[in-house]
Amino acid sequence: DTGVSQNPRHKITKRGQNVTFRCDPISEHNRLYWYRQTLGQGPEFLTYFQNEAQLEKSRLLSDRFSAERPKGSFSTLEIQRTEQGDSAMYLCASSLLGGSSGNTIYFGEGSWLTVV
Amino acid sequence: AQTVTQSQPEMSVQEAETVTLSCTYDTSESDYYLFWYKQPPSRQMILVIRQEAYKQQNATENRFSVNFQKAAKSFSLKISDSQLGDAAMYFCAYTGGFKTIFGAGTRLFVKA
């Protein structure tokens, strides 16, 4: 069990550029989540997948944001036409529905985005 | 809608002493889970302790224990014998269904 893996760990981009983050969940986990965290705040829910199906999206997720989870394995989060307000830590987490861990979600190390 | 409130932005404790972090939540669900996560300066969120709402017994993990008061919707974390490595942000979290909701966090300082 290698844990939740996120890449890249840090990304600096110019305003208006597109960025993509990747998340590899714990291998047997069927649920995958994206959260956003800014300094001094708790993580805010963005979206959730069960297997390959995206079941919920937060209103925080504007149409510039898109997330996919092809084949129910890894996931990508793309931000188009980045804005300075997108600067944050993007956290991926996974969990196992029906497992003994009781809905516990396990986080990756996060991907820091800085938009300049 | 469910909410999680942590009313202490910062707390400080002397090494080897005990500290309690507060958390309250609001929900109309009867079946849910509560968690405390720790986020050290390295930024990765680490699970500290978990409590199932249907269990009356308070969860304990080594030096960490909770005081779960379901009727009052209160879920505090007690850290005994505090260590320098306990210094971090602590987040209280609620899961009902699939979504986990976090409080704003409490920053814990540990003095040597």
Side-chain angles (χ1 to χ4, degrees), chain A residues 1-6 9-10 23 26 29-51 53-61 69 88-114, chain B residues 1-10 21-25 27 29 31-55 57 59 61 66 68 75 77 88-108:
Chain A
D1 182 354
T2 57
V4 179
S5 176
Q6 291 188 245
R9 294 290 315 282
H10 298 90
C23 172
I26 294 172
H29 283 185
N30 46 20
R31 288 180 163 179
L32 186 146
Y33 312 80
W34 285 99
Y35 284 82
R36 180 169 66 190
Q37 187 180 24
T38 52
L39 282 174
Q41 299 296 318
E44 296 174 296
F45 172 80
L46 292 180
T47 191
Y48 150 71
F49 291 84
Q50 184 160 311
N51 299 312
Q54 187 174 19
L55 298 185
E56 180 153 334
K57 291 172 59 172
S58 164
R59 281 172 286 182
L60 293 173
L61 220 60
R69 193 184 183 198
M89 169 85 85
Y90 290 86
L91 292 164
C92 179
S94 68
S95 69
L96 179 62
L97 172 63
S100 60
S101 57
N103 285 10
T104 304
I105 64 172
Y106 297 90
F107 284 89
E109 294 179 290
S111 293
W112 254 125
L113 173 65
T114 301
Chain B
Q2 294 88 2
T3 58
V4 176
T5 302
Q6 293 179 249
S7 59
Q8 305 154 316
E10 295 183 352
L21 308 184
S22 301
C23 173
T24 58
Y25 60 95
T27 184
E29 302 288 331
D31 188 19
Y32 51 88
Y33 295 84
L34 296 164
F35 306 87
W36 279 97
Y37 283 87
K38 170 185 177 181
Q39 190 175 43
S42 66
R43 303 287 295 184
Q44 183 164 19
M45 298 276 278
I46 302 165
L47 176 68
V48 174
I49 199 165
R50 182 184 83 206
Q51 175 79 43
E52 292 91 337
Y54 64 87
K55 288 187 177 178
Q57 185 174 6
E61 287 287 342
V66 298
F68 173 47
F75 183 62
L77 174 70
M89 283 290 287
Y90 285 81
F91 293 98
C92 178
Y94 162 98
T95 300
F98 67 86
K99 188 189 297 187
T100 298
I101 300 168
F102 291 83
T106 296
R107 181 170 296 281
L108 178 66

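Quick note on labels: first sequence line is chain A, next is B, and so on, each numbered from 1.
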Taking the side chain as every heavy atom from C-beta outward, state whether [X] and [Y] have any atom pair closer than 4.5 Å.
X         : Y        : value
Ile105(A) : Tyr33(B) : no
Gln37(A)  : Phe91(B) : yes
Phe107(A) : Leu47(B) : no

What residue in Lys99(B), Gln6(B), Gln39(B) has the most heavy-atom pairs under 4.5 Å with chain A?
Lys99(B)
Between Tyr106(A) and Phe35(B), is the ring centre distance below 6.0 Å?
no
Kindly say whether the aromatic ring centers of Phe45(A) and Phe102(B) come within a distance under 6.0 Å.
no
Scanning both residues in full, the closest heavy-atom pair of Pro43(A) with Met45(B) reads CG-CE, 3.8 Å
Assert top hit (heavy-atom pairs under 4.5 Å, partner chain B, pool Glu44(A), Met89(A), Gln50(A)) equals Met89(A)
Can you tell which part of Tyr32(B) gets under 4.5 Å to a heavy atom of chain A, answering side chain, backbone, both or neither?
neither
Return yes if some donor-acceptor pair links the side-chain N/O of Tyr33(A) with the main-chain N/O of Thr100(B) below 3.5 Å, else return no.
no
